[in-house]
Number of protein chains: 2
Amino acid sequence: MAESRNVGVTGASRIFDMLRQDLLDGRFAAGDKLAISALRDHYDVSLSPLREALNRLAAYGLLEQENQRGFRVPRLSREELDDIMTMRKALEGMALERAILQGDAEWESHLLAAAHRLKRADEAGLTGNEWEALHAEFHHTLVRPCGSVWLLRFIAQLHDQFDRYRRLAPAIPEIRCELDRQHGELMTLALERSVEGARELLDDHIQLSYRVALGSCGEQTT
Amino acid sequence: MAESRNVGVTGASRIFDMLRQDLLDGRFAAGDKLAISALRDHYDVSLSPLREALNRLAAYGLLEQENQRGFRVPRLSREELDDIMTMRKALEGMALERAILQGDAEWESHLLAAAHRLKRADEAGLTGNEWEALHAEFHHTLVRPCGSVWLLRFIAQLHDQFDRYRRLAPAIPEIRCELDRQHGELMTLALERSVEGARELLDDHIQLSYRVALGSCGEQTT
DNA sequence: AGTCGAAAAATAATCGATTTTTTAATAAAT
DNA sequence: ATTTATTAAAAAATCGATTATTTTTCGACT
């Protein structure tokens, strides 16, 4: 047994995590209303913790809440994706710059490790939530020492938003290959403390991801 | 009567609004645990909608939630205030620049109106939530046409965070007077489409506000 | 045929009570 | 005197049922 006791886990927090994952995985159709009693059955939990989780997700931006008529999955739009992409460039660029200036030796090892794990996962052809976790971890490690809790919070939120689009979009192997390559190069530039180079590459990286993500909006790549 | 029916208002949404106001007003001591049953009595509502509101506020960042041990009002720290101030400069500066480039004639009139109302309120010595509402409205109007829903969302969130500090701090009449003056000048520069001038002034404005807000951390002004 | 309105069904929101977990109080032991 | 174990009290989380609101259905009427 991993633990004798589920310390610090409530029904609501458990459902929040599961629902968040399922929303990022695109298990619910965009625009759909969530059938609360169906969720109740599916996750085998009572209404109170379920509704608490839904309220958190709505405040976080992964659900829309309309008083007296429940919760729905936000629609996807080209305009919003553009917004998210632009904000990612601005905020992650800012964070990366600061991280490169402030990151210490321990950051270097964490970054090296995260990049390595991601590379091995790429080579092994790993997909799904395992790969997603390593990918998110790499990007988070990259900007972690930026020194701003609020900046990291906003970046994480934008990542979740972006992922709704990206994970739904059809894969484009050539781009995916280039994206994988960029992860390694981002690490290299960061370790070299090359602020300008890293920022430019991160911009390219987000732009390339965006071209993939566009596939979820029924638009062609630019 | 204003409305024949409370359209689109639930107990939870009502409590959310009231609690948010009370948190910004500093009605709860930072670091304190919220006594849920006391809140239940005070706001005269049942546990379910109350807990839903608390969950929203925690996801929004105005409360901290620890599983199995309820909700508490986040502590105030000089470090966090610095973070919030720095992020406000970055995000509002970005938004203002975009707003000035994209704002149309209608924006100009709204901005003029908001600045006028705020000025009249200043002259009339208005204080409390009425002044706060006009002040928030002015700053929101200033950046509204920036074109990014997410940017506006983050800015609003940071404003709420900043206000927890500012409203708690002792007033400094000379600074307050200068801040009032800056509002008018910000409007002028924005209407003149002076991107650089407006950005610089907004930076100064936030910095000056920050000097006031520091008073809530038991620190002297810098 | 289409529109309007009443009744029925479905869904959301809320309530009061119960269960679980944490915190505080007390006593026993080193 | 401090620590540890036990119990009592308090608080948080959850449950099942009830109430309020919205949505759908159905039939009368134009």
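To find a chain, count down the sequence lines: A is the first, B the second, and so on, and within it residues start at 1.
Remark: B/Asp82 pairs with B/Arg78 by the salt bridge (Lys or Arg N to Asp or Glu O under 4.0 Å) rule, at least two apart or across chains. Partners of A/Asp180 under the salt bridge (Lys or Arg N to Asp or Glu O under 4.0 Å) rule, at least two apart in sequence or in another chain, are A/Arg176. Every side chain to side chain contact (heavy atoms under 4.5 Å, CB included) that A/Ile36 has, sequence neighbours left out, goes to A/Leu47, A/Leu50, A/Arg51, A/Leu54, A/Phe71. A/Glu130 pairs by the side chain to side chain contact (heavy atoms under 4.5 Å, CB included) definition with A/Leu126, not counting sequence neighbours. For B/Arg20, the salt bridge (Lys or Arg N to Asp or Glu O under 4.0 Å) test picks out B/Asp160, with sequence neighbours left out.
The distance from atom CD of B/Glu52 to atom C1' of C/dA12 is 10 Å, rounded to the nearest whole Å. Rounded to a whole Å, the CD1 atom of A/Ile15 is 15 Å from the P atom of D/dA13. Straight-line distance from the CZ atom of A/Arg14 to the C1' atom of D/dA13: 13 Å, rounded to whole Å. When the P atom of C/dA10 is taken as reference, atom CG of A/Leu39 falls 18 Å away, rounded to whole Å. Atom CZ in B/Phe71 sits roughly 13 Å away from atom C1' in D/dA11 (whole-Å rounding).
Shown for residues 27-37 of chain B: residues whose heavy atoms fall under 4.0 angstrom of DNA chain D, namely B/Lys33, B/Leu34, B/Ile36.
For A/Arg69, no side-chain nitrogen or oxygen approaches OP1 or OP2 of D/dT21 to under 4.0 Å. Neither OP1 nor OP2 of D/dA12 sits under 4.0 Å from any side-chain N or O of B/Arg51.
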The test is side-chain contact (heavy atoms from CB on, under 4.5 Å); show your working for B/Leu179 and B/Ser209 and say whether it passes. CA-CA 7 Å; B/Leu179 286 168; B/Ser209 265; 3.9 Å; yes

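B/Phe154 has its side chain out of reach of B/Met87: every pair of non-hydrogen atoms, C-beta onward, lies at least 4.5 Å apart.
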N/O-N/O pairs, protein side and nucleotides 15-19 of chain C side, under 3.5 Å:
residue	atom	partner	partner atom	Å
C/dC15	OP2	B/Ser46	N	2.9
C/dC15	N4	B/Ser48	OG	3.0

Please write out each protein N/O paired with an N/O of nucleotides 18-20 of chain D under 3.5 Å, distance rounded to 0.1 Å.
none

Expected rows: protein N/O vs nucleotides 6-8 of chain C N/O, under 3.5 Å:
none

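Summarising the geometry, atom CG belonging to A/Asp203 is positioned 9.5 Å from atom CE belonging to A/Met85; distances are rounded to the nearest 0.5 Å. For the atom pair CZ (A/Arg88) and NE2 (A/His205), the distance works out to 7.0 Å, reported to the nearest 0.5 Å.
Identified under the side chain to side chain donor-acceptor pair (under 3.5 Å) test for residues 40-50 of chain A, with sequence neighbours left out: A/Asp22-A/Tyr43. Counting only residues at least two apart or on different chains, the side chain to side chain donor-acceptor pair (under 3.5 Å) pairs with a member in residues 147-156 of chain A are A/Ser148-B/Asp83, A/Trp150-B/Glu80. Screening residues 105-120 of chain B for side chain to side chain donor-acceptor pair (under 3.5 Å), with sequence neighbours left out, gives B/Glu108-B/Arg193.
Note on ring orientation: taking the six-membered ring where Trp is involved, the planes of A/Trp131 and A/His183 are tilted (angle from 30° to 60°).
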